[in-house]
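Only one structure is covered here, and it is reproduced in the block below.
Here is how names work: the chains are called A, B, and so on, in the same order as the sequence lines, proteins then strands, and each is numbered from 1.
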Number of protein chains: 2
Amino acid sequence: MTRAPARPLPCDPVPCDPMPCSANCPMARFCLAGRLMRAGHAAAGDDARQRTVRLRKGQSLYLLGDAVTALYAIRVGTVKTHVTTEDGRTQVVGFHFPGDMVGLDSLARTQYASYATALEDTKLCVIPVQALHAATASTPALGNQLFLVLDRQAQRARALQTMLALMTAEERLVTFLLWLADGFAARGFSSSEFILRMSREEIGSYIGLTLETVIASSRGSTTAD
Amino acid sequence: MTRAPARPLPCDPVPCDPMPCSANCPMARFCLAGRLMRAGHAAAGDDARQRTVRLRKGQSLYLLGDAVTALYAIRVGTVKTHVTTEDGRTQVVGFHFPGDMVGLDSLARTQYASYATALEDTKLCVIPVQALHAATASTPALGNQLFLVLDRQAQRARALQTMLALMTAEERLVTFLLWLADGFAARGFSSSEFILRMSREEIGSYIGLTLETVIASSRGSTTAD
DNA sequence: CGGGCTCTTGACATGGTTCAACACCGGTGG
DNA sequence: CCACCGGTGTTGAACCATGTCAAGAGCCCG
């Protein structure tokens, strides 16, 4: 179980900035935003040209409290969303991979409810909320798609709740790794071998353990990393 | 800190079955379903006549896997939603009080994703999903309201996640009781004195502790029950 | 080559669970 | 009315999983 090297740039950085999302995005087949936009394709006319954003490892996409101006869809890279408690402790609330949307948890709000930070060099499509609103207004099917996407997030949140409430350290880690494996498999990557873009500490924060316990549990688990 | 007696019937069982929700429901001021329906009032004409359901303590509103035919709004009483793991352990995923909606977590699904069980004698309004769909289709504002309600659920889920991940037993219990107090205050009841309708075991399940630890932590906490 | 990361490991402390016993209360039947 | 019974709540003791602390290894980067 090895960590990612410092700045790997695992995917080719396709230069596709001012292009329709579905044209040449490597994640087009799996991209939720793509499904959203195709559901209402041409609803916004050739307004479908996407702006993109690049982040280097460690850079923030938005901060907690920032005005919500856009959602984002990951093209390449990995993003974590996280919050802090009043006493300074930090808590990772989600990991996001190519094809995932970032910022959904703040869609109903005026200010972002979390921080979003790149775990590696990352490129994202920008989906201005006003454009999204206009598109959903003109295309009901798009709203349904969005609704399903939100439901998936809620499902995952419930699964996490039961995991945190009644699983042991090793069960949590195994479950987490299986989730990752499923996610990679769904994107067409190997589910039996992959690189962890997040640190042990970030994993531990997400599943409610210290980094030392994450390591100890990974020792106990089969090496079927 | 005392538990509820066996069958208290704390609220008067108003016989209001075939009446518009807002007419005589004691929770009208706080009812999410009421807000939903008023947002689209007369959208469905006098179809607004509500069917209601009564449950006695321990009875189920629906079972995991049942076909999703309706949402419910609590008039009087308390409901828990819960799931079970493959190895038989049970996990409370939510408590629901007068004015709350029950079944929202399954709204995007064809089968309920949890069990819903009454913690005391309870009366609910029935909101058929097809009626809800019709109403949202004809009244966009209603969809927005629903969207906000779903977001509130998601917020609570995130708060629970951080609670389970990084709070101690006593912190969890205190937080849980404060949530209850806030909820009662928002409904116009006393926030400093109230009856726990759920057992220690159910509380423990919800906040990831055993019933013994719930007791031990409640001893430690101030008696500001 | 040195500095600062993350990762790893082991010893130790401790919060929470487990287990067992008992108190309390309401309901039920004699 | 009383005795019994089951469910829930309470308590304490022993155990164990996990957190805490400290030290060192490996690696990337300047």
Side-chain angles (χ1 to χ4, degrees), chain A residues 1-10 56-58 78 80 85 87-92 117 119-121 163-177 195-221 223 225, chain B residues 1-10 56-58 78 80 87-92 117-121 163-177 195-221 223 225:
Chain A
M1 194 146 97
T2 48
R3 182 92 196 298
R7 169 91 37 78
L9 272 181
R56 311 201 49 173
K57 180 177 181 176
T78 314
K80 70 171 176 181
T85 59
D87 58 343
R89 290 177 291 188
T90 183
Q91 159 74 16
V92 175
T117 305
L119 295 177
E120 58 180 325
D121 288 19
M163 176 171 102
L164 291 172
L166 41 77
M167 282 189 182
T168 67
E170 192 167 334
E171 288 174 321
R172 293 184 203 186
L173 184 62
V174 170
T175 303
F176 173 74
L177 291 174
I195 295 177
L196 296 175
R197 294 274 146 58
M198 67 289 294
S199 71
R200 314 292 165 176
E201 185 164 20
E202 288 162 337
I203 295 174
S205 173
Y206 185 63
I207 64 178
L209 301 172
T210 62
L211 76 166
E212 294 97 327
T213 305
V214 171
I215 293 166
S217 301
S218 72
R219 235 182 311 163
S221 308
T223 61
D225 213 10
Chain B
M1 194 145 100
T2 49
R3 183 92 196 299
R7 169 92 36 79
L9 271 182
R56 313 204 45 176
K57 179 177 179 176
T78 315
K80 69 170 176 182
D87 58 344
R89 289 177 291 188
T90 184
Q91 160 73 14
V92 174
T117 304
L119 294 177
E120 59 179 325
D121 289 19
M163 176 171 102
L164 291 172
L166 42 75
M167 282 189 182
T168 68
E170 192 167 334
E171 287 173 322
R172 293 185 204 187
L173 184 63
V174 170
T175 303
F176 173 74
L177 292 174
I195 296 178
L196 295 175
R197 293 272 146 62
M198 66 289 293
S199 71
R200 312 294 150 134
E201 185 165 18
E202 287 162 338
I203 295 174
S205 173
Y206 186 64
I207 63 178
L209 300 172
T210 62
L211 74 168
E212 295 97 327
T213 306
V214 170
I215 293 167
S217 301
S218 72
R219 235 184 311 164
S221 309
T223 61
D225 210 15

Separation of [N] [atom2] from [X] [atom1] (nearest whole Å):
X      : N      : atom1 : atom2 : value
A:L166 : C:dT18 : CG    : P     : 11 Å
B:K57  : D:dT8  : NZ    : C1'   : 10 Å
A:L173 : C:dC7  : CG    : P     : 13 Å
B:E202 : D:dT8  : CD    : P     : 8 Å
B:I207 : C:dT17 : CD1   : C1'   : 14 Å
B:L196 : D:dT10 : CG    : P     : 10 Å
B:E212 : D:dA13 : CD    : P     : 15 Å
B:L211 : D:dT10 : CG    : P     : 10 Å

Mind listing the closest non-hydrogen atom pair of [X] and [Y] along with its distance?
X      : Y      : value
B:R200 : B:I215 : CG-CG1, 4.4 Å
B:M167 : B:R172 : O-NE, 3.0 Å
B:V214 : B:G204 : CG2-CA, 3.6 Å
A:V92  : A:Y206 : O-CD1, 3.5 Å
B:G58  : B:T117 : O-CG2, 3.4 Å

B:E201: which residues meet the salt bridge (Lys or Arg N to Asp or Glu O under 4.0 Å) condition with it, sequence neighbours left out?
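B:E201: no salt bridge (Lys or Arg N to Asp or Glu O under 4.0 Å) contacts found.
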Give every pair of a protein N or O atom and an N or O atom of nucleotides 15-18 of chain D that lie under 3.5 Å apart, one pair per line with the distance.
{"unit_1": "D:dT18", "atom_1": "OP1", "unit_2": "A:A169", "atom_2": "N", "d": "2.6"}

Where the side chain of A:I215 is concerned, which of D:dT10, C:dC7, D:dT20 is the nearest nucleotide?
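Per side-chain heavy atoms of A:I215, the pick is C:dC7.
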Looking only at the side chain of B:R200 (C-beta and beyond, no hydrogens), which of the listed nucleotides C:dT8, C:dT18, D:dG9 gets closest?
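The closest nucleotide is D:dG9.
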On the nucleotide D:dT11, are OP1 or OP2 found under 4.0 Å from the side-chain N or O atoms that B:R219 carries?
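Yes, B:R219 has a side-chain N/O under 4.0 Å of OP1/OP2 on D:dT11.
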Kindly write out the residues that satisfy side chain to side chain donor-acceptor pair (under 3.5 Å) with A:T168, not counting sequence neighbours, or none if the list is empty.
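Testing A:T168 for side chain to side chain donor-acceptor pair (under 3.5 Å), a comparison that skips the adjacent residues, returns A:E171.
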